Amino acid sequence: VVSFVHNNKAYVGLAYNYHFPGNESFYDMYELNLETNNWKQLASFPYKFKNSWGIGSASTTNNSYIIYRNPLTSFTTMVWKFNPLEIIYK
């Protein structure tokens, strides 16, 4: 699961369920308005990761990032800049 706060809104999503006999990835993202306490579902994350062992997030004053390090492909690292105004992952 990733979570971060940006412009007085909290974001959470990208869960991974470890269960037998299989595992399940979730690509949904949600926004919580901290002033109104209202939740809103956002566009799904476009990259279909195989597991979430290496997924995380980081934020600065102006930007938020989703970071994925894939342990199955020689630890390839990918970074997406999250833009909550346009819901674009680059």
Side-chain angles (χ1 to χ4, degrees):
V1 173
V2 298
S3 62
F4 50 91
V5 175
H6 187 84
N7 291 335
N8 208 30
K9 293 182 180 176
Y11 297 89
V12 64
L14 304 181
Y16 188 72
N17 188 9
Y18 299 95
H19 60 83
F20 184 80
N23 301 321
E24 186 175 12
S25 295
F26 298 92
Y27 306 103
D28 47 349
M29 291 290 296
Y30 296 89
E31 174 187 270
L32 171 62
N33 185 318
L34 298 173
E35 294 175 0
T36 64
N37 204 30
N38 289 325
W39 284 95
K40 177 171 80 171
Q41 185 170 3
L42 304 177
S44 294
F45 192 68
Y47 180 77
K48 304 305 181 205
F49 54 89
K50 298 292 183 199
N51 61 58
S52 65
W53 297 335
I55 201 158
S57 60
S59 293
T60 66
T61 303
N62 298 317
N63 298 298
S64 298
Y65 301 91
I66 296 172
I67 304 147
Y68 177 63
R69 188 170 185 199
N70 189 344
L72 303 176
T73 59
S74 301
F75 292 101
T76 302
T77 301
M78 295 168 269
V79 179
W80 292 271
K81 183 177 178 182
F82 181 80
N83 183 342
L85 299 177
E86 298 177 17
I87 312 302
I88 294 175
Y89 305 92
K90 295 182 180 179

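This structure is a prediction, so every number in the text was calculated from the model and none was measured.
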Q. Could you give the distance from CD1 (I66) to OH (Y68), rounded to the nearest 0.5 Å?
A. 13.0 Å
Q. How many angstroms lie between atom CG of N33 and atom CG of N38, to the nearest 0.5 angstrom?
A. 6.5 Å
Q.
Please give me the minimum heavy-atom distance between S64 and H6, naming the atom from each residue.
A. OG-ND1, 3.2 Å
Q. Who passes side chain to side chain donor-acceptor pair (under 3.5 Å) against N37, sequence neighbours left out?
A. none
Q. Hey, what do you get for CG (D28) to CG (L42), rounding to the nearest 0.5 Å?
A. 9.5 Å
Q: Any chance you could measure N63, atom CG, to F82, atom CZ, to the nearest 0.5 Å?
A: 11.5 Å
Q.
Quick check against the 3.5 Å criterion: does T77 have a side-chain atom that pairs as donor or acceptor with the backbone of R69?
A. no
(Q) To the nearest 0.5 Å, what is the distance between OG on S57 and OH on Y65? (A) 12.5 Å
(Q) If you compare all heavy atoms of V5 against all heavy atoms of S59, which two are closest, and at what distance to 0.1 Å? (A) O-OG, 3.8 Å
